[in-house]
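Order of the sequence lines sets the chain letters (A, B, ...), proteins ahead of strands, with each chain counted from 1.
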Protein chains: 2
Amino acid sequence: MAKSVTSGTAEARPVLTRARIVAAAVRLIERDGAKALSMRAVAAELGVAVMSLYNHVPGKDALLRGVAEHVVAGMDFDGAAEASWADRARALVRAFRTVAHDYPRCMTIVLTHRADGSIALRPAERALAIAAEAGFDSVTAVRVTRVLMAYALGTQLREVGMTKALDRLTDFTALDPAEFPHVLASADELARNDSEADFEFGLDLLLAAVEALPRRPGFDQASAR
Amino acid sequence: MAKSVTSGTAEARPVLTRARIVAAAVRLIERDGAKALSMRAVAAELGVAVMSLYNHVPGKDALLRGVAEHVVAGMDFDGAAEASWADRARALVRAFRTVAHDYPRCMTIVLTHRADGSIALRPAERALAIAAEAGFDSVTAVRVTRVLMAYALGTQLREVGMTKALDRLTDFTALDPAEFPHVLASADELARNDSEADFEFGLDLLLAAVEALPRRPGFDQASAR
DNA sequence: TACGCCAAACGTACGTTGTACGTACGATCG
DNA sequence: CGATCGTACGTACAACGTACGTTTGGCGTA
C-alpha cells in the first residue's frame, strides 16, 4: 500500500516524493541562491504543478527544514577508529565544514532552520561518543559537545558573513583612524582570508584546552590515547 | 538643506527618519517575531504610508541590515580598563551575549544579515585592541579575534536553534537506542539547559587556551597582567 | 471482468508581500 | 512671487504561500 511505481514500466514519471522535492530544492538553491527558492520554482524544476508538492511537504518551512536535514545528513565522519579522541573530534568538526563547503548557499538555511529530525542528532551522538571515550564525565561531555558545536556553527557563520560583507565593503580606507586604529593597522591581515588556516588554528586551540580538562575519576587517561 | 522640522512647532509629526524606522522595526520584531516584519507593518507602526519608508531606506534588506547594526550598536563594553586582558576579552564576548538577551527575536537577523557599517566594526576593533595589548603579533591577534567572534556567534546560534528545536521535540524517548545510545544516556543532561554555565565554561576554556599562546618576541608578559 | 475507492496530481483563487512609478504639497531660494 | 526640490502619499503590479475543490489512474474486492 505504498509501493506503486506505475507498476511495471519504470520511469515515465519518476514519481513525486519528499526526497526528490528536497533534492530539487537543494539543487535550486545552489544554482540560483537561497533567495530564489519558491514553491513555484521547485515545482517547475520537477515539472509538476505547485500544489502537488503539498502532498509530500506540509509547507515551505518544512521544506527548508528538509533541506537543512539533507545537508547535515551528508556529513561523512568515519574517521579512523583507532585515532586519538582528539583526532576523531577534529574529523567530526571538519566533516561539518566539508558539507558547508559542498553546499555553500544552503548554509544560511542550515544555520537558520535548525533541524530536529533524528538525522540531525547523528553529529551530536558522535560527539558525545567521542567525549565519553575520552573519559569525561557526562556533564563535561555534554558541555564539550556544545562548545564544539558552537565553534563549528560560529566559524561557518562568520565566514559566510565575511564573504558577504567583503562584497560590499571596498572602502577600507574610509574609516576614522581615530576610532579604528587596530582595524586599520591589521587591514592587510583582515583582508587576507585564509579561512582554512584560521579554522584549524581555532580548532587546535579548542581541542588543546579540552585535552587539559580533568577526566572522570578512575579513568586511565594514558590507555585511551 | 536638511534641518527642517516643520520649522518651529516641534512634534505634531515626529518626522520620519531612518533611525525611527529602524527602531520601529526592532520594536515590531521583538513584539511579533521576525517573521511578522513587513514594510506595511513598519509603516503602520509609525502611522505613515508604506512608500514613505523608501525615502529613507532603499529596501527591506537594507532595513534588516539596519536592524542588525542597531542591535550590535547596543553592545556596551567599557569594562574596567585595569582588568587583565582576559577579563576584558571576557567582558567583550559577554557584551554580545547581553544584547542577544536583550533582543532575542532580532538575533536571527543579526546572525544572518551581517552588518557592514562602521558601527559593526566596533567589536572587532575592541577585540584587536585587547589582543594587541595582550602581546600577540598581528596575525595571531586577528586569529584570536576571529575565534572569539566565532564562539560568540556560534553560542547564540546554537542556543536559538536549541530552544526552537526543543519546542518541537517532545518525544525524546522515540529514538532508536541502538543508533543514539549516548544521546539517550545524556538525555537528562541535554534537556537541562543552563546556557549561562555552558557559555562561561566554553569561554573559560577558550581564553585559557589563548592565554597559553606565545607572545610577540620581546614582550614582557608579566607586566601586562 | 467490473466496480468502487483513495492517494496523489492538478487548477483556480485569495490574501499578502516588496516595490516601481506618478502625484501632491510644503518649505526654501532666486 | 514663481521655480525648485525634498518628502509623503496612493495606485498598481508581479510574485509569493497556500486553502480548497476537482480530476485521474492504479489497486483491492466482488
- prompt: Atom CE in B:Met107, atom CZ in B:Arg97: separation rounded to 0.5 Å?
  reply: 10.0 Å
query: To the nearest 0.5 Å, what is the distance between CD1 (A:Ile109) and CD1 (A:Ile29)?
result: 3.5 Å
Any side-chain heavy-atom pair of A:Val147 and B:Leu206 under 4.5 Å: no
field: Between C:dA9 (P) and A:Met39 (CE): distance, integer Å
entry: 15 Å
query: In this structure, which one of A:Met149, A:Gln156, A:His101 forms a side chain to side chain contact (heavy atoms under 4.5 Å, CB included) with A:Phe96?
result: A:Gln156
- request: Report the C-alpha distance between A:Arg122 and B:Glu179 in whole Å, list the side-chain angles of each, state the deciding distance to 0.1 Å, and finish with yes or no for salt bridge (Lys or Arg N to Asp or Glu O under 4.0 Å).
  value: CA-CA 8 Å; A:Arg122 268 199 331 154; B:Glu179 197 175 358; 5.7 Å; no
- prompt: With a 4.0 Å cut-off, would you call B:Arg105 and B:Asp32 a salt bridge?
  reply: no
message: Which label fits B:Tyr103 and B:His70: parallel for a plane angle under 30°, tilted from 30 to 60°, or perpendicular past 60°?
response: perpendicular
Contacts under 3.5 Å, N or O only, protein and nucleotides 5-7 of chain C:
none

- request: Would you kindly give the CG-to-C1' distance between A:Leu46 and C:dC10, to the nearest whole Å?
  value: 15 Å
task: Name all residues meeting the side chain to side chain contact (heavy atoms under 4.5 Å, CB included) criterion together with B:Ala132; count only those two or more places apart in sequence or in a different chain, and write none if there are none.
output: A:His182
field: Rounded distance (Å) that lies between atom C1' of C:dT17 and atom CG of B:Asp61
entry: 14 Å
- prompt: B:Arg20 CZ to D:dA8 P: how many Å, rounded?
  reply: 10 Å
field: Interatomic distance where CG belongs to B:Leu63 and C1' belongs to C:dG18 [whole Å]
entry: 12 Å
- prompt: To the nearest 0.5 Å, what is the distance between CG (A:Leu16) and CZ (A:Arg20)?
  reply: 6.0 Å
statement: For B:Ala187, the side chain to side chain contact (heavy atoms under 4.5 Å, CB included) test, sequence neighbours excluded, returns B:Phe172
Distance in angstrom units between B:Lys35 NZ and C:dT16 P, rounded: 15 Å
query: Excluding sequence neighbours, so at least two apart, what forms side chain to side chain contact (heavy atoms under 4.5 Å, CB included) with A:Ser186?
result: A:Glu189, A:Leu190, B:Leu128, B:Val142
Protein-nucleotide distance (A:Arg40, atom CZ; C:dA13, atom C1'), rounded to Å: 11 Å
- prompt: Which parts of residues 27-34 of chain A get close to DNA chain C, meaning a heavy atom less than 4.0 angstrom away?
  reply: none
query: Got a sec? Which of residues 49-57 of chain B come in under 4.0 Å of DNA chain D, heavy atoms?
result: B:Ala49, B:Met51, B:Ser52, B:Asn55, B:His56
query: Can you tell me how far C1' of D:dT24 sits from CG of A:Leu16, to the nearest Å?
result: 16 Å
